[in-house]
Amino acid sequence: MTTIRSRLTIWYTVAMGVVIVAFGTALVIERRHPSFDELDQRLSLEAGVALGYITESHRVLGELTTLDSVPGRGGVGWTPMKVLATDVSGYLEGMRDPLIVVDSQGNLLYASAEARTLSYSALEAMVGLLRPRPGVQVTGTVKLEAVGAVRYLAAPLPDAGPNIAALLVATPTHAVTFEPRQLIRSMLVIAPLILLGSVGVGYWLAGRALQPIQDMMDELEAITDGRSLHRRLMVPRSGDELARLAIEVNGMIARLEQSFSGLRRFTADASHELKTPLMVVRAGVERALTNPGAPADSIEALDDTLNQINRMSELVETLLTLARADEGRTTLAVEEKDLGPLVAEAAETAGMLGEAREISVTASLPEHPVLLPVDSGRIRQLLLNLVTNAIKYTPEGGAVAVELEDTGEQVTIRVKDTGIGIAAGDLPHVFDRFWRADLSRDRTEERPGFGLGLAISRWIAEAHGGSIGVQSRPGRGSTFTITLPRAAAAPSGPS
Ligand code: ADP
């Protein structure tokens, strides 16, 4: 079985076979009835019982017939008629199948309760069967009016006296015949059950056939989340189409990994290479700025240049950090620290930044020290990103609150503002690299930035084994929440 195609074919064939066998078995069980042999056995048993009883009764009682009066011809008067004595006939009433007893002239002496339910002509036909050879035991099948085919057994009664010659017991054969109408009826009963079973089997088979694909999809999903490109799909040993697919996909992931790492290395190298010239340029500009003879317009131009150089250095530094983090090369300098002073410091910076625009800043800290193993430099950077954003995106007169909460198992830091907020559709993207809200948005030009601050903030939170999230409503403000677990922070982490 080297291909899914052949495997499916085999499964399908087996399933089909099972369905056919199940259908056939169900049909046989539903229509299982005695065979003709069994019918004959039943008839001979009944005949034997009746014969035994009549013979024994005759031995004990003697003559078993009496005269009874029946309405005469044309309903005029009464005619005497020989019948079986009630002592005997009473016992025979209990027979399951129609039974008749005749005398040697072929006249009916007794018809059992079952036989009396038959039509007159059917009864006549039964009597007729006994006439030709009353002395011989005969079995056969005959068609009776309104009854259909019946199996009968005619047996002589040699020891029941001169007036009793033979008996006949009969039973319909429809119980053992398999007519198309009955077949269709049975099929209609069984088919829905088999169909229901087939749906179940089909569903299970389809699930089984698709399971390896499902597994592969799960694996792929885990790999292509962007952090696990070093992982590969497991190649099934079946050597089928799926194995080939896994090999192809693995090749593709390898090529993707190569180009991704090339890209990261390029960003890291480029950022690194840019750092030194930028430092040189900055030193030059700073020196020129301190030149006392410089004209005022040159000073202004140099000042602008210095601002831009600082922005560029910041960008280069952030890019380098992210690129290194992607490569897993950034390590955290983890140390047990009290987070209280770090949060207070961030709130203080926010206060200074918001002073000019009359933004009130409050800090809420627990009274006890909140000790946690963290890279304090990175946590400071993270808090600074959040508070500068809070100030940057909060209009004049607004409020910013910084909260630190220690629940024992984890530490939560919240940075809340009453600023412009973030549209619901933008929320999933705020932590993406280089993502900034719609540039046409209110006063965005006045809020410089690269859209990297939150990306690096997320990396810092995750590198500490924690997470960062945001809740926001446009026009109402935003709340950024960092959660840091009590467990020791990872020394490094991918972005
Ligand atoms: P930027 O340098 O643009 O601030 P960030 O990564 O820090 O980059 O933020 C990404 C974007 O998320 C911002 O451009 C802004 O649109 C939005 N944003 C971040 N913080 C806030 C906030 N406190 N209020 C409103 N929008 C915010």
Side-chain angles (χ1 to χ4, degrees), residues 226 267 271 307-323 325-326 330 343 346-347 349-364 378-404 412-463 466-483 495:
T267 317
S271 315
N307 274 340
Q308 291 303 323
I309 291 170
N310 285 340
R311 256 170 66 79
M312 223 147 128
S313 306
E314 198 188 318
L315 172 64
V316 162
E317 195 57 50
T318 310
L319 278 178
L320 189 60
T321 308
L322 284 174
D326 284 348
T330 312
V343 173
T349 312
M352 287 194 298
L353 289 173
E355 214 168 15
R357 292 184 19 243
E358 289 177 358
I359 296 171
S360 71
V361 179
T362 52
S364 142
R378 291 293 182 195
I379 294 291
R380 194 174 283 123
Q381 185 183 5
L382 161 59
L383 292 173
L384 207 63
N385 279 345
L386 295 188
V387 294
T388 42
N389 274 351
I391 299 291
K392 201 156 62 166
Y393 298 103
T394 299
E396 209 161 307
V400 170
V402 189
E403 297 172 4
L404 173 64
T412 309
I413 304 169
R414 279 186 210 89
V415 178
K416 298 178 178 175
D417 65 54
T418 57
I420 58 173
I422 302 163
D426 290 343
L427 280 177
H429 307 292
V430 289
F431 296 104
D432 292 350
R433 290 173 194 187
F434 292 109
W435 188 90
R436 305 197 74 207
D438 190 0
L439 285 179
S440 65
R441 213 167 71 169
D442 167 57
R443 303 189 337 154
T444 305
E445 280 305 296
E446 291 173 27
R447 301 183 177 110
F450 298 110
L452 284 174
L454 288 181
I456 205 152
S457 300
R458 183 173 68 171
W459 167 71
I460 294 171
E462 289 178 355
S467 61
I468 183 167
V470 60
Q471 279 179 313
S472 186
R473 282 177 69 186
R476 291 284 186 87
S478 318
T479 301
F480 284 84
T481 309
I482 309 154
T483 314
S495 166

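Order of listing sets the numbers, starting from 1, for every ligand and every atom in it. Note that the structure is predicted; figures quoted are calculated from it, not measured.
- In this structure, the side-chain contact (heavy atoms from CB on, under 4.5 Å) partners of L427, at least two apart in sequence or on a different chain, are I422, V470, S472.
- Looking at every heavy atom in both residues, I456 comes nearest to Q381 through CD1-NE2, 3.9 Å.
- In this structure, of D417, I391, V400, the residue bringing a heavy atom nearest to atom 23 (N) of ligand 1 is D417.
- With F450 as the aromatic partner, R311 meets the cation-pi criteria of under 6.0 angstrom to the ring centre and within 45 degrees of the ring axis.
- Taking distance alone, with nitrogen or oxygen atoms compared against 3.5 Å, G451 approaches ligand 1 more closely than that limit.
- Listed by number with element, the atoms of ligand 1 under 4.0 Å from a non-hydrogen atom of L452 are 6 (O), 8 (O).
- With ligand atoms numbered from 1 in the order given, ligand 1 contributes 1 (P), 3 (O), 14 (O) to contacts under 4.0 Å with heavy atoms of R436.
- Under the rule for a side-chain contact (heavy atoms from CB on, under 4.5 Å), the partners of R473 that lie at least two apart in sequence or sit in another chain are R476.
- Residue V361 forms a side chain to side chain contact (heavy atoms under 4.5 Å, CB included) with just one option from T349, L353, I391, and that option is I391.
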In sequence, state the C-alpha distance, the side-chain angles, and the governing distance for T481 and I413, and then conclude on side-chain contact (heavy atoms from CB on, under 4.5 Å).
-> CA-CA 6 Å; T481 309; I413 304 169; over 6 Å; no
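- Remark: ligand 1 and A437 share an N or O pair separated by less than 3.5 Å (distance only, no angle test).
- By the criterion of a heavy-atom distance under 4.0 Å, the side chain of I422, and not its backbone, is placed next to ligand 1.
- Of the possible donor and acceptor atoms, none in the side chain of D417 sits under 3.5 Å from a partner among the backbone N and O of V400.
- Put simply, part of G421 is less than 4.0 Å from ligand 1, judged by heavy atoms.
- Close approach of ligand 1 to F450 (heavy-atom distance below 4.0 Å) involves ligand atoms 2 (O).
- Distances between N or O atoms of F480 and those of ligand 1 include no value under 3.5 Å.
- Shown in contact with K392 at under 4.0 Å from a heavy atom are these atoms of ligand 1, numbered in order with element: 1 (P), 2 (O), 4 (O).
- The shortest heavy-atom contact between T418 and A399 is OG1-N, 2.9 Å.
- On a distance-only criterion, G453 and ligand 1 share at least one N/O pair closer than 3.5 Å.
- Any N or O atom pair closer than 3.5 Å counts here, and V430 shares no such pair with ligand 1.
- Listed by number with element, the atoms of ligand 1 under 4.0 angstrom from any heavy atom of W435 are 10 (C), 11 (C), 12 (O).
- G421 and S478 make their closest contact through CA-OG, 3.5 Å (heavy atoms, listed as atom of the first residue, atom of the second, distance).
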